[in-house]
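Reading through the structure tokens given below for one structure.
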Amino acid sequence: MSPRKTIDELAAPVPVLDVDKGQVDTHEERYQRGRIHVQSRARMPEKQLFDFAEYQAREAERTGYSDYSYWKSVWHNFLKKKSAVFMSVVFLLLFVFTFIALGISKFDVYNLRLDNELMFHAPDGEFWFGTDNLGRDYWCQVWYATRTSILLAVSVSVGEIALGVVMGLIWGYVRSLDRFFTELYNFVDNIPTIIYMTLIALMVGKSFIIIGVALIAVSWLHTARNIRNLVFMYRDREYNLASRCLGTPLHRVLAKNIFPYLVSVIILRLALSIPSTIAYETTLTYLGLMDISLPSLGILLRNARNYFLDYPYLLVFPAAIVSIITVTFYLVGNAFSDACDPRNHV
């Protein structure tokens with residue numbers, strides 16, 4: 001194509017569209033039609049311009065209604081943590097299996113036979129976890145001890161948290177009691193817990209009930225101290241001041257205004273308290289401060305200390321279960337604590 005032809009093509013006249021200008025609205029025409037419409041509405045009676053809406057209490061309440069549910073949101077956020085959900089299922093199956101394992105065992109845990117010829121029998125098809133130094137089936141002992149330790153740890157942890165939360169709320173909200181509880185906390189905290197437990201075991205007894213009550217009596221102060229510090233943050237908020245001015249009872253202020261803000265912390269303390277209680281029980285049993293007539297994980301670990309170099313399975317099985325419980329509650333506790341925090345809710 002030559003340059004001359006290209007220039008001629010560019011200089012060609014632009015085709016004009018055949019448009020009927022009478023059918024196109026101009027700005028002035030649209031403005032005039034709008035004025036006519038406004039003027040016609042101005043001449044209309046008021047009853048035609050406005051329609052009064054009827055008041056319905058139920059419909060008015062629905063305007064501010066929200067389907068938000070705290071515990072539903074907690075559960076939704078917890079399910080997002082796949083690792084925590086998996087570990088919670090593992091612990092649940094572990095606890096349920098403590099009942100199943102004793103049912104499918106070939107031996108009765110309450111009537112285990114003593115046989116010196118079966119001492120330190122390695123795990124096989126007959127003795128699934130082997131035998132101990134007295135020839136007793138180790139499978140029954142491990143799972144019965146696991147159930148005992150879990151029940152003891154859960155009972156002590158729930159009692160400790162419940163007492164600590166109640167006393168912590170009162171400690172933090174009632175100013176006149178602060179000095180008394182602070183001095184009590186300083187007195188108890190400055191003496192190692194193992195000394196208290198040793199004195200109680202030697203003077204009162206070594207049974208599981210006595211040791212469990214003693215652990216609650218010593219440990220609740222740490223939870224109460226933590227709750228007290230948190231209550232200080234919320235005690236003088238505007239809504240609490242308004243509740244006091246309206247004459248709201250103390251228990252209602254604590255239960256309705258302050259306690260919901262502490263749920264995440266309480267859940268975390270509870271989750272971490274369970275493996276801590278098992279560790280305490282193991283330590284006390286190792287030191288000979290608990291009754292050894294009832295098998296527990298601590299007792300099995302204590303008995304295995306003299307044989308684990310030659311017969312490691314005596315230590316591996318109970319230690320593995322203690323480790324699973326500890327890791328499980330650490331992950332689940334942190335995840336559930338985050339899920340209970342209202343700031344993480346959408």
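We count residues from 1, following the sequence as given.
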Check: Thr148 side chain, Tyr144 main-chain N or O, donor-acceptor pair, under 3.5 Å: yes

For the CD atom on Glu183, are there more than 12 heavy atoms of other groups (residues, nucleotides or ligands in this structure) within a distance under 6.0 Å? yes

Give a yes or no answer on whether the side chain of Thr98 reaches the backbone of Phe95 with a donor-acceptor pair at less than 3.5 Å. yes

Is the shortest heavy-atom distance from the side chain of Phe120 to the side chain of Asn133 under 4.5 Å? yes

Can a donor-acceptor pair be found, under 3.5 Å and without considering hydrogens, that links the side chain of Thr223 to the backbone of Gly164? no

Quick one, Leu102 and Arg147 - any side-chain contact, counting heavy atoms below 4.5 Å? yes

Quick check: does any side chain N or O of Ser337 sit under 3.5 Å from a backbone N or O of Gly333, one acting as donor and the other as acceptor? no

When you compare the side chain of Leu221 with that of Asp189, does any pair of heavy atoms fall below 4.5 Å? no

Check the pair Ile161, Ile266 against side chain to side chain contact (heavy atoms under 4.5 Å, CB included), reporting the backbone distance first and the verdict last. CA-CA 7 Å; Ile161 297 300; Ile266 294 171; 3.6 Å; yes

Kindly check if the number of other-residue, nucleotide or ligand heavy atoms within 6.0 Å of CG (Leu79) is above 12? yes

For Tyr280, look at atom OH and say whether over 12 heavy atoms of other residues, nucleotides or ligands are found less than 6.0 Å away. no

Answer yes or no: is there a donor N or O on one side and an acceptor on the other, between the side chain of Arg237 and the main chain of Met233, under 3.5 Å? yes

Run through Phe317, Phe107, Phe97 and flag the one making a ring-ring contact (aromatic ring centres under 6.0 Å, His included) with Trp143. Phe97

Checking the side chain of Ser88 only, and the main-chain atoms of Val85 only, is there a donor and an acceptor separated by less than 3.5 Å? yes

Can you check whether Tyr138 and His121 have ring centres sitting under 6.0 Å from each other? no

Around atom NZ of Lys106, are there more than 12 heavy atoms of other residues, nucleotides or ligands at under 6.0 Å? yes

With a 4.5 Å heavy-atom cut-off, do Asp137 and Gln141 have their side chains touching? no

Near Tyr330 OH, under 6.0 Å, is it more than 12 heavy atoms from other residues, nucleotides or ligands? no

Donor-acceptor under 3.5 Å (Tyr313 side chain, Thr131 main chain): yes

Would you kindly confirm whether Leu301 and Leu134 end up in one hydrophobic cluster when ILVMFWY residues are joined by side chain heavy atoms under 4.5 Å apart? no

Among the clusters formed by ILVMFWY side chains lying less than 4.5 Å apart, do Val327 and Phe91 turn up in the same one? yes

Quick one, Ile211 with Met197, criterion side chain to side chain contact (heavy atoms under 4.5 Å, CB included). Give me CA distance, side-chain angles, the key distance, then yes/no. CA-CA 7 Å; Ile211 296 300; Met197 303 309 300; 4.0 Å; yes

With a 4.5 Å heavy-atom cut-off, do Asp338 and Asn77 have their side chains touching? no

In plain terms, say whether Arg228 and Asp178 are close enough for a salt bridge, that is, a side-chain N and a carboxylate O under 4.0 Å apart. yes

Tyr239 versus Tyr234: any side-chain heavy-atom pair under 4.5 Å? yes

Taking the six-membered ring for Trp and the single ring otherwise, decide whether the centroids of Trp139 and Phe127 are under 6.0 Å apart. no

With a 4.5 Å cut-off on side-chain heavy-atom distances among I, L, V, M, F, W and Y, is there a chain of contacts connecting Ile200 to Leu202? no

Can you get from Phe187 to Leu163 by hopping between Ile, Leu, Val, Met, Phe, Trp and Tyr side chains that sit under 4.5 Å apart? yes

Do any N or O atoms from the side chain of Ser276 and from the backbone of Leu272 form a donor-acceptor pair under 3.5 angstrom? no

Could you give me the CA-CA distance, side-chain angles and deciding distance for Thr326 and Ile278, then say whether side chain to side chain contact (heavy atoms under 4.5 Å, CB included) is met? CA-CA 9 Å; Thr326 302; Ile278 293 179; over 6 Å; no

Could you check whether any side-chain heavy atom of Thr182 comes within less than 4.5 Å of a side-chain heavy atom of Trp171, counting everything from C-beta outward? yes

Can a donor-acceptor pair be found, under 3.5 Å and without considering hydrogens, that links the side chain of Asn190 to the backbone of Asn186? yes

Got Ile210 and Lys206 here, is their nearest side-chain heavy-atom distance under 4.5 Å? no

Side-chain heavy atoms nearer than 4.5 Å, only ILVMFWY residues, links allowed to pass through others: does that put Val89 and Leu94 together? no

